[in-house]
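Presented below is the structure to which this report refers.
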Amino acid sequence: MDLTQIEKKWQAKWEKDDIYAFDKNNMDKKYYVLEMFSYPSGAKLHAGHWFNFGPSDSFARFKRMQGYNVFEPMGFDAFGLPAENYAIKTGIHPQDSTLKNIDTMEKQLKAMGAMFNWDAEVVTCMPDYYKWTQWVFLQLYKKGLAYRKEAPVNWCPSCNTVLANEQVIDGVCERCQTTVIRKNLTQWFFKITDYAEELLQDLDKLDWPEKTKLMQKHWIGKSTGGEVEFQIVDGDSFRVFTTRADTLFGVSYVVLAPEHPLVDKITTSEQKSAVEEYRLATQKTSEIERQSTTREKSGVFTGAYAINPINGKKVPIWIADYVLFSYGTGAVMGVPSHDERDFDFANKYGLDITRVVKSKDGSCDDLPYCELGVMVNSGEFDGMTSEDGKLAILKKLEEMGKGGLKTNYRLRDWLISRQRYWGAPIPIIHCDTCGEVPVPEKDLPVELPYDVDFAPDGKSPLSKHEGFMNTVCPICGKPARRDPDTLDTFVCSSWYFLRYADNKNADEPFNTEKINKMLPVDKYIGGAEHACMHLLYARFITKALRDMGYLNFDEPFTSLVHQGLILGPDGYKMSKSRGNVVSPDEFVTKFGSDVFRMYLMFGFSYVEGGPWSDDGIKALAKYFERVERIIDNTCTKTNGKKDIGAKEKELNYVRHSTIKKVNQDMEVFSFNTAIARIMELTNAIIKYDGDSDAFLKEVVFDLIDLLAPFAPHFTEELNERMGGSYPILYHSYPVADEKWLTRDEVELAVQLNSKMRTRITVPSEMGREELEKYVLELPAVQEILANLTVRKVIIIPGRLVNIVAN
RNA sequence: GCGACCGUGGCGGAAUUGGCAGACGCGCCAGACUUAGGAUCUGGUAUCUUUGAUGUGGGAGUUCAAGUCUCUUCGGUCGCACCA
């Protein structure tokens, strides 16, 4: 069979007959399968794209054959840095390269033969889409969930531009090797932290991989503790966050993050130069480095002192880079006796170390002692346990107006502005009179101009485009300037799954009633690298829109599956720079898309992925030929016998156990084992040498139906030869008949002291006692047990009998 | 550094969730058919000193029973907030 030929033939027919059409009137059985849309970076799809889309499409087909009304849309996440960098390098405009890439990728995706609903397509860089991305921004802005503040960015002093983290290699700019510093710029943020608690709580509702939920949980990073206010001698006050208020009496110094605004105010003239030098050095250090616990601690004394509110003790104020301004209050208290990090720090700089907690059983007297225990040297709190002491101290501080209980999250607000060209413009106008003014919704979209100089020179590219920048204030009508920044592409991708359901709507981003029926997504499929960012942002936007009444569900993705990564043949991630990118095209041309797709599904665990190898692909081509031979042989058989004898019974057992297993495996994306089962059924059909032709025909029909989601074109062709109804996609997926799954006899393993001794075959309905007696009386067992006393017999029905004896 | 995950034949990978380790396939070996074979079919294929013993990165533990649970150790992969 010429597979590439029949693929073209069936694709044309399927398109003509519109067999994938989603039935908007049958919402009761809707099933929304969504693969994370792709970024049109390279010109072509690589094997990894196929590994994402092929198997998940097979899953969608499986659901369709189970009778669901399947919606499987596709689109492109088209804004972003790579297109812009490519443009800077080559001069090709991001819009041109992106649209061209989308065009090629669409063609390739169509050639795959997936059941995508192309009429629902979404492309994020088109004005009819980003208009609504801007709308989302405005709604959050109105709700007080979007705001501006200063924030540090990676800055290359030589290129004069903001760098993405991935453009910073070992602390230097990837383009010019200049040391990258951290610089404060005014940036837009979304207040995702307002939803921290709900984002955390609702994880329990989700059918997601446990590890992903755990990662989000950690990312949100809830910790309950308290805040303590320290008064600076002759100055302001500041608060520290701590989870160990019970150690408050042991504070021997406090530390501010080097970026803390108070540092300038409090630093004494003698310490000025040392502090300045330290702050400059900190600018060059990344947060990941700063948090490293193995790195030697460093810090500088500011010359100022603060008062510990609990005991009035005067302690020095230091700055140190292990304190992050972005977490907690940007200040911590140093308790060397009960914290490893503080202990090292105090030893290095000769600070006091006072023990204030003892182990409960007096067993451990070493410092630092980081466990909970019993409080000592803590005045009125002596003798309290750490657990009680924490609360008691915080309660007292609260009475004094110097602190209290506080829950802290590691989650930070989402920085959404980018000083880049290739993104959705931020729909805000800055007016000298009226200040920050949102663009009226009727004026959306704020269109991204084409003729922009996006060479990096220290400013947002849009700020240099006078035609774009100059506008009038919607409130007072005076000349005003547009915001020159664009939105993070994660904003575009945090609501696209809503637009799919209503992508042609010109009046609103989506119709509430429509999406309430279509959403949430029933099965979301994509890479695990999105565990924290995209998946968290999409959850946040969904909840924010819900609170504004635009939709009525709490979570966007009910069930989530991560596919693994297909690595290059060398075992490394595929990348152009390594030159290990595997293109599917030559394999698709040679073997056909069905063979290629099924090879990906059979040769790798879907969740694990692994290094590419084309060793097994021929095997799948051969397998297709074997199946084709079976069909052709079966077609020539004509007798109508359906008698079920021993041979038929055996084949029927394999048939129904295969069906059962395949159905189970498909649900959990265990495609490789599903295919292995189908191969076993194939082998059993080949071995069958009975003469009940009509029965055999039934089994063969089941075989091609089972295969249909994996090899849609091939099975459609075979189905036609067999005279089955068209299209095979509308057949119902085989369902196991339990009555054929019980066998008359079962084989059991017989073990002595857990070691395999022999195997026996017994009637499957044999009871425990009868079985025990039977086994013990077997001559082979008698022989083994010659000089032994039986202590116990363990029977696992259908599996084994273990005789414990000595 | 922090967090998550993984480690099973020559290879890709299974193992009903604590119950016969190595399903299915590749590769390899032998045979059949053949002028021919990179086609097809049949059989074999964890290791060893093979009446038996050993074996799931290494070491310990729990259990009648451990690839699976616990501890420890080594190695690898992914994420860490401006790549998407």
Side-chain angles (χ1 to χ4, degrees), chain A residues 36-39 41 77 79-82 85 151 153-154 162-168 187 209-212 214-215 217-219 221 286-295 326 410-420 488-490 492-493 526-534 536-537 564-565 567 571-573 599 602-605 607-611 613 615-620 622-623 625-626 629 661 664 670 672-680 682-683 686 747-759 791-796 798-805:
Chain A
M36 289 181 185
F37 60 174
S38 47
Y39 181 75
S41 62
D77 191 9
F79 273 135
L81 189 60
N85 285 341
V153 294
N154 298 316
V162 180
L163 297 179
N165 282 346
E166 77 157 8
Q167 296 175 297
V168 183
Q187 302 276 10
E210 282 307 316
K211 60 171 185 173
T212 307
L214 217 70
M215 277 169 84
K217 202 172 164 184
H218 189 260
W219 187 268
S286 76
E287 289 203 354
I288 292 174
E289 283 175 75
R290 285 172 64 171
Q291 289 173 85
S292 164
T293 47
T294 51
R295 194 163 149 264
S326 54
R410 182 173 287 110
L411 183 69
R412 316 207 288 244
D413 276 338
W414 174 13
L415 199 171
I416 51 158
S417 50
R418 298 289 183 269
Q419 291 70 53
R420 307 271 174 199
D488 177 8
T489 52
F490 276 123
C492 306
S493 59
E529 66 274 18
H530 294 287
C532 290
M533 304 177 69
H534 163 61
L536 198 62
Y537 296 152
L565 207 58
L567 307 171
Y572 293 100
K573 211 168 170 173
Y599 170 62
F602 178 61
F604 304 84
S605 148
V607 175
E608 301 285 326
S613 137
D615 279 350
I617 193 161
K618 266 191 291 185
L620 262 293
K622 274 193 211 169
Y623 174 73
E625 284 166 20
R626 292 176 76 194
R629 276 197 297 276
K661 194 74 174 61
Q664 286 169 353
S670 183
N672 52 349
T673 54
I675 294 170
R677 296 303 157 208
I678 297 175
M679 285 175 169
E680 283 179 284
T682 313
N683 293 340
I686 291 171
E747 193 186 53
L748 298 180
V750 177
Q751 298 180 332
L752 172 68
N753 295 329
S754 308
K755 291 219 166 113
M756 264 295 297
R757 287 298 158 181
T758 181
R759 278 171 236 269
R791 302 285 171 205
K792 201 167 160 191
V793 178
I794 292 156
I795 293 173
I796 309 295
R799 308 286 297 172
L800 58 76
V801 177
N802 185 16
I803 303 161
V804 183

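The chains referred to below are lettered A, B, ... by the order of the sequence lines, with proteins before strands, and numbering in each begins at 1.
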*Say you pick atom P in B:rG79 and the same atom in B:rG18; how far apart are they, in whole Å?*
31 Å
*Between A:H530 and A:F490, how do the two ring planes meet: parallel, tilted or perpendicular, split at 30° and 60°?*
perpendicular
*Salt-bridge present (A:E680, A:R677; N to O < 4.0 Å)*: yes
*When the C1' atoms of B:rG57 and B:rU50 are considered, how many whole Å apart are they?*
27 Å
*Can you check each nucleotide of nucleotides 23-31 of chain B against protein heavy atoms at under 4.0 Å and return B for base, S for sugar-phosphate only, - for none, in 5' to 3' order?*
BBSS-----
*asked:* Please report the distance separating the P of B:rA60 from the corresponding atom of B:rA46, rounded so that it comes out in whole Å.
replied: 27 Å
*Considering only heavy atoms from C-beta outward, does the side chain of A:Q187 approach that of A:V153 to under 4.5 Å?*
yes
*Contact class for A:R791 (heavy atom, under 4.0 Å): base, sugar-phosphate, or nothing?*
nothing
*Quick one: label A:H530 by what it contacts on the DNA or RNA (base, sugar-phosphate, nothing), any heavy atom closer than 4.0 Å.*
base
*Using the P atom as the reference point in each nucleotide, state the distance between B:rA23 and B:rG9 in Å, no decimals.*
13 Å
*Syn or anti: how is B:rU50 classified when any glycosidic angle within 90° of 0 counts as syn?*
syn
_Counting the atoms with a prime plus P, OP1 and OP2 as sugar-phosphate, which does A:L565 contact under 4.0 Å by heavy atoms, base, sugar-phosphate, or nothing?_
nothing
*Rounding to the closest angstrom, what is the interatomic distance between B:rG67 and B:rC6 at atom C1'?*
13 Å
*asked:* Classify A:Q187 by what it touches in the nucleic acid, base, sugar-phosphate, or nothing, heavy-atom distance under 4.0 Å.
replied: base
*Looking only at N and O atoms, is any donor in the side chain of A:D488 or the base of B:rC82 less than 3.5 Å from an acceptor on the other one?*
no
*Go through the N and O atoms of the side chain of A:Q419 and the base of B:rC82, and report whether any donor-acceptor pair is under 3.5 Å.*
yes
*Kindly say if A:R629 contacts the phosphate of B:rC41, meaning a side-chain N or O under 4.0 Å from OP1 or OP2.*
yes
*So what does A:W219 touch, heavy atoms closer than 4.0 Å: a base, only the sugar-phosphate, or nothing?*
base
*Does some side-chain heavy atom of A:Y623 sit less than 4.5 Å from a side-chain heavy atom of A:F602?*
no
*Side chain of A:R412 only, please: which of B:rG3, B:rC41, B:rA81 is the nearest?*
B:rA81
_Separation between the C1' atoms of B:rA21 and B:rA14, rounded to whole Å_ = 10 Å
*Within the structure shown, what part of the strands sits under 4.0 Å from A:L81 by heavy-atom distance: base, sugar-phosphate, or nothing?*
sugar-phosphate
_Whole angstroms only, please: what is the CD1-P distance between A:I617 and B:rG12?_
17 Å
*Rounded to the nearest 0.5 Å, what's the gap from CG on A:L752 to CG on A:N802? Could you check?*
7.5 Å
*Based on the glycosidic angle (syn within 90° of 0, else anti), state the conformation of B:rG52.*
anti
*asked:* By nearest atom, which of the nucleotides B:rU54, B:rA4, B:rG19 is closest to the A:M215 side chain?
replied: B:rA4
*If you measure from the C1' atom in B:rU51 to the same atom in B:rU34, how many Å do you get, rounded?*
43 Å
Could you go through nucleotides 47-52 of chain B and list every protein N or O atom that sits under 3.5 Å from one of its N or O atoms, giving the distance for each pair?
none

*Check: A:N753 side chain, A:A805 main-chain N or O, donor-acceptor pair, under 3.5 Å*: yes
*Hey, is B:rU63 sitting syn or anti, using the within-90° cutoff around 0?*
anti
_For atom CZ of A:F490 and atom C1' of B:rC80, their distance in whole Å_ = 12 Å
_For A:M756 and A:F79, find the nucleotide of RNA chain B closest to each by heavy atoms; which residue's nucleotide sits nearer the 5' end?_
A:M756
_Is it the case that the side chain of A:S605 and the backbone of A:E608 share a donor-acceptor pair, with hydrogens and angles ignored and the cut-off at 3.5 Å?_
yes
